[in-house]
Number of protein chains: 2
Amino acid sequence: MTDNAKQAGPSAGDPIVLIVDDDPSMRRALTNLFQSVGLKVEAFSSAAEIMEAKPPAVPSCLVLDIRLPGSSGLDLQADLAKANIHTPIIFITGHGDIPMTVRAMKSGAVDFLTKPVRDQDMLDAVQAAIERDRKRRDAEKSISGVRSRFEALTARERDVLALVASGLMNKQVAAELGLAEITVKIYRGQIMRKMGAKSLADLVRMTDALGIPRNRGHLQT
Amino acid sequence: MTDNAKQAGPSAGDPIVLIVDDDPSMRRALTNLFQSVGLKVEAFSSAAEIMEAKPPAVPSCLVLDIRLPGSSGLDLQADLAKANIHTPIIFITGHGDIPMTVRAMKSGAVDFLTKPVRDQDMLDAVQAAIERDRKRRDAEKSISGVRSRFEALTARERDVLALVASGLMNKQVAAELGLAEITVKIYRGQIMRKMGAKSLADLVRMTDALGIPRNRGHLQT
DNA sequence: CTACGGCACAAACCTACGTATAGCTCGCAC
DNA sequence: GTGCGAGCTATACGTAGGTTTGTGCCGTAG
């Protein structure tokens, strides 16, 4: 442990709260609230503004007024989803209705708070949202290495991988692909090395995490 | 195909909609609506009433007025969750508010409709809910067989299974458990037979589906 | 043209896996 | 006590998995 920066100020790995609200006093109030519990904050006044900013690289969440100049909060939510940005969203609203709430929640919002928002409710929601994002990022990171190694495989190696991970024996893989068994063995060894799998069990779990389809070997009832 | 009952009336495998509403006219209207599209229906007038009925064995969903005599719809939702009944729930409400909606959706409700409910909205929601329940049941069924076979393993077989599925070689499993390698081999064979696994890949997927913890062999970044 | 990488195969060799047959102890139910 | 199943091991044998070394073809980038 050479690292003793434990109670230090904001640094690179800290979570951040992104606020989007067109009301300056609201932005200020929320900013103060989050900073009072040691959270980093970045505030925007419109949907367009935040779409131009680069997605945060740390656990984060969005606090979003549902009524925004130009596009609504729901539109922004949809745009972010389309852009493959999955930062958890907390909506706040002064005059929202139930269909709007349902739509937001169905689209994955973590919470939907009504004005006036109680500070503690907001902090709880942000806490839960950031925790969710942290988990999502952890999961994402743990397969990104696997994915990049998979991309480095040649076409033939991928063919072999799919069948091996399906549970076929080398000779069966060979028959399926019209190869000699020895060739499959050699590819198989290369796959294990390139993927960094220390066992077949590893390899199977990697392929499942990558969503590679199986040709055989289903779980039967 | 000895089965030609294709366009016949309601039978055992058909989905069913469960209605809970204290208003008889509402029950009647919903019942008619669902029956008009060929869905089976069962109506209840209170939460207590449906809790006494046995959970349906076919894909189903609940249509629930949020305001019920005695306990509210949200309480019923919580009670069902506690009883490990995961039938999807669609709420209807005449005078719900947003916090109530959020709570219901966070607890897993599929939809939350406001009166007056448009027929098409209700049918769409029920359709989606039943589809979700069907998928959940399919997934449940596909692992229930695996689980019961796992229960049939002896204690030692389970020990071996955990380590084998972690990717350890027979000799390593043996060392870990203080056994001879040959013993592990024999257990391993018995495990494959008892679990109905045709390959190690099968076995690995079964253990993952069962949530059996791994002792070694993590995916590295 | 040459070098390189992907693809494919072979012989030889070693390790790991898996089964059959057989035998042992222990605890428990009848 | 007898029988039974779980647990454990051994010898022996056959199959599957995996590496090394070496060969050759093909297409393409330099």
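The model shown is predicted, which means the values in this text are computed figures rather than measured ones. Numbered from 1 within each chain, the chains take letters A, B, ... in sequence-line order. Hydrogens, waters and symmetry mates are skipped; everything else that's a heavy atom, side chains included, is used.
- The interatomic distance linking B/M169 (CE) with C/dC14 (P) rounds to 18 Å, in whole Å.
- At whole-Å resolution of the value, CG in A/L203 and C1' in D/dG17 are 14 Å apart.
- The phosphate of D/dG7 has OP1 or OP2 within less than 4.0 Å of a side-chain N or O from B/T154.
- Nearest to the side chain of A/Y187, among D/dG18, C/dC7, D/dG7, sits C/dC7.
- Whole-Å rounding puts the A/K185 NZ to C/dA10 P distance at 12 Å.
- Comparing C/dT21, C/dA8, D/dC8 by their nearest atom to the side chain of B/R156 picks out D/dC8.
- Picking from D/dG18, D/dT9, D/dG17 the nucleotide with the shortest atom distance to the side chain of A/R188 gives D/dG18.
- The side chain of B/K171 places an N or O atom within less than 4.0 Å of a non-bridging phosphate oxygen (OP1 or OP2) of C/dA16.
- When rounded to the nearest whole Å, the span between CD of A/Q172 and P of D/dT15 equals 15 Å.
- Rounding to whole angstrom units, CD of residue A/E157 and P of C/dC7 are separated by 6 Å.
- When only modelled atom types and interatomic distance are considered, A/Q35 and A/T31 share no side-chain donor-acceptor pair under 3.5 Å.
- The CD atom of A/Q190 sits 10 Å away from the P atom of D/dT19 (whole-angstrom rounding).
- As judged by a 4.0 angstrom heavy-atom cut-off over every strand, A/I182 is placed among the base-contacting residues.
- The distance from atom NZ of B/K198 to atom P of C/dC17 is 21 Å, rounded to the nearest whole Å.
- Side-chain contact between B/F91 and B/L74: present, with at least one pair of heavy atoms (C-beta onward) separated by less than 4.5 Å.
- Within the nucleic acid shown, A/L179 comes within 4.0 Å of sugar-phosphate atoms alone, with no base atom in reach, counting heavy atoms only.
- A donor-acceptor pair shorter than 3.5 Å can be found between the side chains of A/S45 and A/E49.
- Residue A/N170 places none of its side-chain N or O atoms closer than 4.0 Å to OP1 or OP2 of D/dA16.
- B/R137 is listed as a side-chain neighbour of B/S60, based on a closest heavy-atom distance under 4.5 Å.
- Side-chain contact check for A/I92 versus A/D21: some heavy-atom pair is nearer than 4.5 Å.
- Regarding B/I186, its CD1 atom lies at a distance of 11 Å from the P atom of D/dC8, rounded to whole Å.
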